[in-house]
Amino acid sequence: MKVKMAISYPTVGASGRTGDWRVFRPVINQKLCIHCYNCYVFCPEGTISPELGVDYEYCKGCGICANECPSKAIRMVKEE
Amino acid sequence: MVLVFVMSADKFKDRHGFWTNTIAREEYILKGNSSCPGCTAMIALRHIFKAAGPDTFVLVGACCAVVCEGVYPNTCMALPTLDTAFACTAAMASGVRAAVTDRGINVIAIAGDGGTVDIGIQALSGAIERNTDFLYVCYDNEAYGNTGMQRSGSTPFGASTTTTPFGKKEDKKDIAAIVGAHNIPYMATACPSYPMDLERKVKRALSIEGPKFLHVLTPCPPGWRISADKGVEVGRLAVRSCSFFLYEMENRELFMSKPSIDAMKNPIPLRDYLSVQGRFSRMSEEDMKLAQEKVNANIAYYREVCGI
């Protein structure tokens, strides 16, 4: 018996380019960074890689990384 | 599996004396899902799946997470996932475990507070009673977030929601205590503000055979009316003010976690936690005092249980 099922497949960007939602973009200042990886750990999306690069295509700009950064190395800059 | 060494997310030894400071690099929730900006439930799920690893079968009940997965035919979940109806998440986990008998494969059921505390409680109770080998994760944003923040059994006293605009008059249901009364092998409470603690609890839970339960408090920025960047901070305030306790229970023995032990010694006033949230802005002075008294009674209870 063949059963019809609605199967979704894992895709990056399942809801489109969520970076378009952003109002403020996080900018990491590598000089001030102390490599504690708080931004990587607390990013809800996983857009900040362990190499501390931000994927601006999918970053929603929530600002948790800037709020949790102990050395204030992340600044939220307004998008133009 | 590639591990990332993390320095200071939340640094403390667990009760066996181990430091936990490495997390898996693999992401099982892909970028570009439809969660709100600053959703702490996504932080929690991200770390739960990182700790569980690739050999995991996930069941998602009707909750925010099922919406966050994205639009058919795409999904953000990089693990085999079954979306279930509201009332039967734990029952379907029993069914999946009957089919997947291999102990190496973890079965994780995920549901929100509505799907656990109100609607799914009979299925959860039944699955625990049948001794199903699975981990049930209840992420608690203290209202029906997905349908527009209606009051649930888990909404705390005094919180205004769309169905209780002048503040809820009843107390929050203590789901952890209800599940603990089932004589469950392992049960824990966690918060994504302490991610290493959360990962350690998931790993400990999956190493034990039998039903396991994890209650995670996840602040919801739009529902709690806080700004998107404050979700993690508010979760930390909830633990520090002792309105939420982090503990684990193994065979009816309760172990308080380090952040809560520190908080119980010197708790911050409850007002500091409530005043940052817009949903408590209409709370009167008497109600605030009443809530503080309830928290004090809870602290006294847990002091007696753990002997702190």
Side-chain angles (χ1 to χ4, degrees), chain A residues 3-26 33-77 79, chain B residues 2-11 21 23 25-47 50 67-83 192-196 199 218 221 227-233 235-236:
Chain A
V3 184
K4 267 196 177 174
M5 282 175 85
I7 299 175
S8 299
Y9 292 93
T11 328
V12 172
S15 308
R17 287 189 175 195
T18 48
D20 297 349
W21 305 3
R22 193 172 57 229
V23 183
F24 292 94
R25 78 161 55 217
C33 180
I34 56 165
H35 293 89
C36 66
Y37 296 105
N38 267 10
C39 50
Y40 166 68
V41 168
F42 285 116
C43 181
E45 293 292 307
T47 45
I48 300 180
S49 68
E51 288 77 37
L52 304 175
V54 185
D55 188 347
Y56 289 115
E57 202 163 325
Y58 297 109
C59 169
K60 290 171 185 165
C62 63
I64 284 181
C65 47
N67 199 44
E68 294 304 317
C69 186
S71 64
K72 303 279 166 238
I74 303 180
R75 224 158 26 95
M76 299 305 284
V77 182
E79 289 278 351
Chain B
V2 186
L3 295 172
V4 178
F5 186 81
V6 179
M7 225 170 70
S8 68
D10 52 327
K11 217 174 176 183
N21 49 11
I23 56 175
R25 200 191 159 131
E26 279 83 4
E27 298 284 344
Y28 298 106
I29 295 187
L30 302 176
K31 299 172 221 179
N33 55 51
S34 46
S35 60
C36 309
C39 180
T40 54
M42 281 294 123
I43 307 178
L45 296 185
R46 209 180 135 217
H47 286 289
K50 271 172 186 273
V67 180
C68 295
E69 279 172 20
V71 192
Y72 176 82
N74 299 319
T75 175
C76 74
M77 302 282 272
L79 292 167
T81 308
L82 196 59
D83 294 342
S193 307
Y194 301 91
M196 296 297 122
E199 287 212 14
T218 54
S227 71
D229 57 339
K230 291 282 184 288
V232 173
E233 202 178 303
R236 212 171 278 137

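Residue numbers begin at 1 in each chain, while the letters A, B, ... track the order of the sequences. Here the structure is a predicted model, which is why all the values come from computation and not from measurement.
The structure places CD of Glu27(B) at 10.0 Å from OG of Ser49(A), a figure rounded to the nearest 0.5 Å. Remark: Phe42(A) CZ to Thr40(B) OG1 distance equals 11.0 Å, nearest 0.5 Å. Between the CZ atom of Arg46(B) and the CD atom of Glu45(A) there is a distance of 9.0 Å, given to the nearest 0.5 Å.
Pairing each heavy atom of Ile23(B) with each of Tyr40(A), the nearest pair is CD1-CE2, 3.6 Å. For the pair Asn67(A) and Asp229(B), the tightest heavy-atom approach, listed with the atom from each and the gap, is ND2-O, 3.0 Å. Of all non-hydrogen atoms in Pro37(B) and Cys62(A), the two that sit nearest each other are C-CB, 3.7 Å. Heavy-atom minimum distance, Ile43(B) versus Pro44(A): CG1-CA, 3.7 Å. For the pair Val41(A) and His47(B), the tightest heavy-atom approach, listed with the atom from each and the gap, is O-NE2, 2.9 Å. Between Asn74(B) and Thr11(A), the shortest heavy-atom contact is OD1-OG1, 3.1 Å.
With chain A as partner, the option from Met77(B), Arg25(B), Met42(B) having the largest number of non-hydrogen pairs under 4.5 angstrom is Arg25(B). Across Gly16(A), Gly46(A), Gly63(A), Gly61(A), the residue that shares the most heavy-atom pairs under 4.5 angstrom with chain B is Gly46(A). Ranked by heavy-atom pairs shorter than 4.5 Å toward chain B, the options Gly13(A), Cys59(A), Gly19(A), Ala6(A) are led by Gly13(A).
Looking at Cys43(A), both its backbone and its side chain come within 4.5 Å of chain B, counting heavy atoms on both sides. Only the side chain of Lys50(B) has a heavy atom closer than 4.5 Å to any heavy atom of chain A. Neither the backbone nor the side chain of Pro221(B) comes within less than 4.5 Å of any heavy atom of chain A. Within the 4.5 angstrom heavy-atom criterion, atoms from both the backbone and the side chain of Glu233(B) approach chain A. The contact between Ser35(B) and chain A is made by backbone and side chain atoms together, counting heavy-atom distances below 4.5 Å.
Residues Lys60(A) and Asn33(B) meet the side-chain proximity criterion, which asks for heavy atoms closer than 4.5 Å. No side-chain heavy atom of Thr18(A) sits less than 4.5 Å from a side-chain heavy atom of Lys31(B).
Remark: the Thr75(B) side chain and the Ser8(A) side chain contain no N/O donor-acceptor pair separated by less than 3.5 Å.
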